Amino acid sequence: MPLVHVSDSSFDSDVLGGDRPVLVEFTAHWCPPCRMIAPVLDQIAVDEADVVDVVAIDVDENPVTTARYRVMSMPTLVLFHSGHERARIVGAKSRQAIMRELRPHLPQAAPAPAHQ
């Protein structure tokens, strides 16, 4: 299942306006680490669908939002909740590393698996 894409014009309503946590990937089509992390984010979107939405925004096509959040490297993952940035991860990371950073900011409905 591919990630939902947001834009400068939809960012406030799609990301900041919701009542659920939203993980935003700031990405670019020319970015090899972004392509590397795409399957990981797709899997997080499926596995964690009960606690977080996962979306992507193309930095080249959406310079206003990219500048607003001072994104300088891709991929940059930013977790938003209640209209505020809660966590930021820069660079391609493993699923385990991403979830380790996100878990403290997500609802407790999704405890970490015992094998981690």
Side-chain angles (χ1 to χ4, degrees):
M1 175 169 81
L3 298 183
V4 172
H5 284 264
V6 298
S7 65
D8 282 343
S9 61
S10 71
F11 191 86
D12 286 359
S13 60
D14 291 346
V15 175
L16 303 180
D19 58 353
R20 289 170 44 90
V22 180
L23 179 62
V24 178
E25 177 197 19
F26 288 85
T27 187
H29 67 86
W30 48 262
C31 166
C34 300
R35 288 193 297 274
M36 208 171 72
I37 199 174
V40 171
L41 295 176
D42 287 341
Q43 195 60 53
I44 290 172
V46 171
D47 293 347
E48 306 294 334
D50 56 333
V51 294
V52 65
D53 295 326
V54 182
V55 302
I57 187 167
D58 185 290
V59 298
D60 293 326
E61 296 172 8
N62 300 282
V64 173
T65 304
T66 302
R68 179 176 172 189
Y69 291 100
R70 295 181 173 88
V71 173
M72 306 298 262
S73 301
M74 275 68 64
T76 292
L77 306 177
V78 182
L79 181 69
F80 292 91
H81 191 211
S82 300
H84 299 285
E85 182 177 328
R86 304 295 182 184
R88 183 177 288 230
I89 303 165
V90 178
K93 308 282 186 203
S94 69
R95 178 184 178 1
Q96 293 78 15
I98 292 169
M99 292 311 300
R100 191 175 318 116
E101 294 292 321
L102 299 183
R103 287 239 180 256
H105 307 284
L106 297 177
Q108 295 304 311
H115 65 279
Q116 282 190 350

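All figures in this text were calculated on a predicted structure; none of them were measured in a lab.
Closest non-hydrogen pair, Val90 versus Ser73, comes out as CG1-CB, 3.8 Å. Taking all atoms of both residues into account, the shortest heavy-atom contact from Thr27 to Ala56 is CG2-CB, 4.2 Å. In this structure, Thr65 and Phe26 approach most closely via the heavy-atom pair CG2-CE2, 4.0 Å. When all heavy atoms of Pro21 and Pro107 are compared, the pair lying nearest together is CG-CD, 3.9 Å. Nearest heavy-atom pair, Cys34 versus Pro75, reported as atom, atom and distance to 0.1 Å: SG-N, 3.6 Å.
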- [ ] I would like to know whether Phe11 and Val64 meet side chain to side chain contact (heavy atoms under 4.5 Å, CB included); could you show each step before the answer?
- [x] CA-CA 10 Å; Phe11 191 86; Val64 173; over 6 Å; no
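Remark: His84 NE2 to Arg86 CZ distance equals 6.0 Å, nearest 0.5 Å. Distance CZ/Arg95 to CD/Gln43: 6.5 Å, rounded to 0.5 Å. To the nearest 0.5 Å, atom CD of residue Gln96 and atom CD of residue Glu101 are 13.0 Å apart. Residue Leu23 holds its CG atom at 6.0 Å from CG of Leu79, rounded to the nearest 0.5 Å. To the nearest 0.5 Å, atoms CD1 (Ile98) and CG (Leu77) are separated by 5.0 Å. Met99 contributes atom CE, which lies 9.0 Å from atom CD1 of Ile89 (distance to the nearest 0.5 angstrom).
Val71 and Trp30 fall within the same hydrophobic cluster, defined by Ile, Leu, Val, Met, Phe, Trp and Tyr side-chain heavy atoms under 4.5 Å apart, directly or through other members. Hydrophobic clustering of Ile, Leu, Val, Met, Phe, Trp and Tyr side chains at less than 4.5 Å, counting indirect connections, unites Val4 with Leu16.
With sequence neighbours left out, the side-chain contact (heavy atoms from CB on, under 4.5 Å) criterion links Glu85 to Tyr69, Val78, Phe80, Arg88.
Pairs of residues two or more places apart, or lying in two chains, that qualify as salt bridge (Lys or Arg N to Asp or Glu O under 4.0 Å) and include a residue from residues 18-37 are Arg20-Asp53.
For the side-chain contact (heavy atoms from CB on, under 4.5 Å) test with Ser7, the passing option among Asn62, Ile57, Asp58 is Asn62; the others fail.
For the pair Val15 and Val55, the minimum side-chain heavy-atom distance is below 4.5 Å.
No donor-acceptor distance shorter than 3.5 angstrom exists from the side chain of Asp14 to the backbone of Val6, with no hydrogens or angles considered.
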